[in-house]
> 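Below: one structure in structure tokens.
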Amino acid sequence: MSKIVISGTGCALADYLHNEVEFNSQSFHKYQSKQDGDGGLSPGRLVFTEELEVFSDMPYPEILQEFIENKEPDAFNIGGPGLVSLINTAQLLGTEDFEVRFYGGTGKDKTSGLIFDMVNKTPLDISNYQPISEKATPFTDVFSDQTYNNGQGERTFVNNIGAAWDYSPELLADSFFSSHIVCFGGTGLVPQIHDSLTLLLLRAKENNCITVVNTVFDFRNEKRNPGKPWPLGDTQESLRLTDMLIMDCEEALKISGASSIEEAASYFITQDVTFIITNGAKEYFAFSNGKLFQKSELMRLPVSKKVLVELTKNQSLKRDTTGCGDNFAGGLIASIAWQIKSHTIGNFELLEALTWAVASGGFACFYLGGTYLEQQPHEKFAKVEVFKNDYVKQLAEGKNE
């Protein structure tokens with residue numbers, strides 16, 4: 001078989017990481033959200049710079065300085081559910097039998113150069129990721145409180161969409177749809193792609209692509225229609241065309257309009273879509289409709305004990321949750337790619353894919369930011385595999401209890 005090709009588009013940006021912000025501080029409370037969609041800060045959520053400026057009646061650079069007090073960011077890294085997930089996929093798969101491509105656009109500024117310099121140190125093909133706009137390259141300031149949530153850690157995000165406003169479906173080359181797997185990651189932060197999601201999924205399925213959608217907090221639609229379900233293009237049609245939908249708990253609630261994670265899971269089951277709902281350090285939900293993976297009932301599964309134990313016993317570890325969900329998606333996509341070589345459609349193994357997803361997401365806790373830069377090829381695979389193998393044992397032991 002020739003190389004398996006995985007192509008993706010969606011959110012790609014620069015992450016400026018600020019790792020010592022206290023969510024219980026007076027400066028944070030000053031800008032904290034009072035109600036959903038009002039433009040204020042909230043742990044675990046993303047707001048846009050322009051919305052935060054309206055909420056606070058202050059320019060964002062002044063707000064930022066109040067938070068960081070003229071300190072430089074703790075780290076610069078690559079962010080975004082579209083880009084980060086595929087970097088992890090490429091690192092796990094290698095380049096001998098697989099080709100992983102990202103399609104997207106940046107501004108023509110210094111930030112774009114920093115992103116390209118970093119991505120070029122990974123196996124990801126970015127020949128279709130180029131400067132397209134005079135607007136600023138998308139960026140996110142990531143504020144992390146490692147003591148929040150009883151020491152589990154949490155972060156909040158302030159995002160500038162910038163050049164992503166100008167990335168349109170017309171800029172997706174035909175080669176995007178000539179892939180074995182196509183991925184749409186965090187398109188809520190790439191407005192024209194997000195609003196055209198149904199048509200793009202339809203074109204992918206017409207070309208017999210496996211389709212993966214991993215979501216992001218959709219602040220644009222939350223602001224537009226507070227309290228109403230977020231659209232995924234034509235949501236019901238998009239779900240019909242999606243082979244794997246990956247969401248966190250809040251995103252699942254917002255898309256479904258449900259009031260609990262159990263109700264959200266029931267909604268997606270009635271929509272006949274294979275899905276995963278993550279929930280931070282708590283158990284997560286998974287279901288397969290039998291079209292790509294073997295059919296399963298709704299599963300409630302634990303997170304990795306090894307990750308929790310390592311973080312608890314070694315307080316010197318970074319304990320940064322930025323990019324955990326993105327890497328989770330990347331591990332799952334990698335497993336789908338491996339299984340193309342060994343399984344027929346409808347017989348893929350969901351639990352096998354989940355072991356790579358959980359291991360990838362868990363490993364992301366041990367370094368700052370979402371992107372891990374390898375010192376040598378296959379380095380990340382070896383590190384993630386340790387957590388994967390332990391998680392396989394954990395699941396087996398759980399069945400025997």
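Any value given below was found using the heavy atoms of this structure, including those in side chains, with hydrogens, waters and symmetry copies removed.
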> In this structure, is the centre-to-centre distance between the rings of Phe328 and Trp356 below 6.0 Å?
no

> Rounded to the nearest 0.5 Å, what separates atom CD1 in Ile87 from atom CG in Leu83?
4.0 Å

> Would you confirm whether Asp38, through its side chain, and Gly40, through its main-chain N or O, come within 3.5 Å as a donor-acceptor pair?
yes

> Can you tell if the side chain of Leu298 reaches within under 4.5 Å of the side chain of Glu262, non-hydrogen atoms only?
no

> Less than 4.5 Å apart, side chain to side chain, heavy atoms only: is that true for Asp141 and Asn160?
no

> What's the shortest heavy-atom distance between Lys291 and Asp272, and which atoms?
NZ-OD2, 3.0 Å

> Indicate yes or no for a side-chain donor-acceptor contact from Glu251 to the backbone of Met247 under 3.5 Å, with no hydrogens or angles considered.
no

> Looking at Phe275 versus Phe285, is the centre-to-centre ring distance below 6.0 Å?
no

> Are more than 12 heavy atoms from other residues, nucleotides or ligands located less than 6.0 Å from atom CD of Gln236?
no

> Looking at the rings of Tyr16 and Phe76, which for Trp means the six-membered one, are their centres under 6.0 Å apart?
yes

> Taking all non-hydrogen atoms of both residues, which atom of Tyr267 and which atom of Ser256 are closest, and how far apart?
CD2-CB, 3.3 Å

> Rounded at 0.5 Å granularity, tell me how far CD1 in Ile68 sits from CD in Glu20.
12.0 Å

> To the nearest 0.5 Å, what is the distance between CZ (Phe217) and CG (Leu46)?
8.0 Å

> Give a yes or no on whether the backbone of Asn19 and the side-chain of Asp74 come within a donor-acceptor separation of less than 3.5 Å.
yes

> Between the side chain of Asp218 and the main-chain N/O of Asn221, is any donor-acceptor distance below 3.5 Å?
yes

> Please name the residue in the list Ile261, Val358, Asp248 that meets the side chain to side chain contact (heavy atoms under 4.5 Å, CB included) test with Tyr284.
Val358

> How far does CD1 of Ile78 sit from OG1 of Thr122, to the nearest 0.5 angstrom?
6.5 Å

> Hey, is the main chain of Gly185 close enough, under 3.5 Å, to the side chain of Thr215 for a donor-acceptor pair?
no

> Do the charged groups of Asp390 and Lys305 touch, with an N to O distance under 4.0 Å?
no

> Any salt bridge between Glu96 and Lys3, counting N to O under 4.0 Å?
no

> Ignoring hydrogens and geometry, is there a side-chain-to-backbone donor-acceptor pair from Asn88 to Asn327 under 3.5 Å?
yes

> Is it the case that the side chain of Ser42 and the backbone of Arg45 share a donor-acceptor pair, with hydrogens and angles ignored and the cut-off at 3.5 Å?
no

> Decide, yes or no, whether a salt bridge links Glu250 with Lys254 under the criterion of side-chain N to carboxylate O below 4.0 Å.
no

> Can you confirm whether Ser360 sits close enough to Leu92 that some side-chain heavy atom of one is under 4.5 Å from a side-chain heavy atom of the other?
yes

> Crowded around His29 NE2? As in, over 12 foreign heavy atoms under 6.0 Å?
yes

> Ion pair present between Glu385 and Lys383, side-chain N to carboxylate O less than 4.0 angstrom?
no

> Give a yes/no verdict on a cation-pi contact between Lys388 and Phe381, requiring under 6.0 Å between NZ or CZ and the six-membered ring centre and an angle within 45° of the axis.
no

> Checking side chain to side chain contact (heavy atoms under 4.5 Å, CB included) between Leu172 and each of Val182, Asn128, Thr9, which is the one that passes?
Thr9

> Say you draw a straight line from OG of Ser288 to CZ of Phe348; how long is it, rounded to the nearest 0.5 Å?
11.0 Å

> Counting only N and O atoms by type, is there a donor-acceptor contact under 3.5 Å from the side chain of Gln271 to the main-chain atoms of Glu237?
no

> On the six-membered ring of Tyr372, is Lys380 placed so that its NZ or CZ lies under 6.0 angstrom from the centre and within 45° of the ring axis?
no

> Check whether any side-chain heavy atom of Ile181 lies under 4.5 Å from a side-chain heavy atom of Ile336, and answer yes or no.
yes

> Is the distance between the ring centroids of Phe143 and Phe67 under 6.0 Å?
yes

> Check for me whether the distance between the ring centres of Phe48 and Phe139 falls short of 6.0 Å.
no

> Looking at CG of Leu245 and CG of Leu232, how far apart are the two atoms once the value is rounded to the nearest 0.5 Å?
7.0 Å

> Do the ring planes of Phe387 and Phe363 sit parallel (below 30°), tilted (30 to 60°) or perpendicular (above 60°)?
tilted

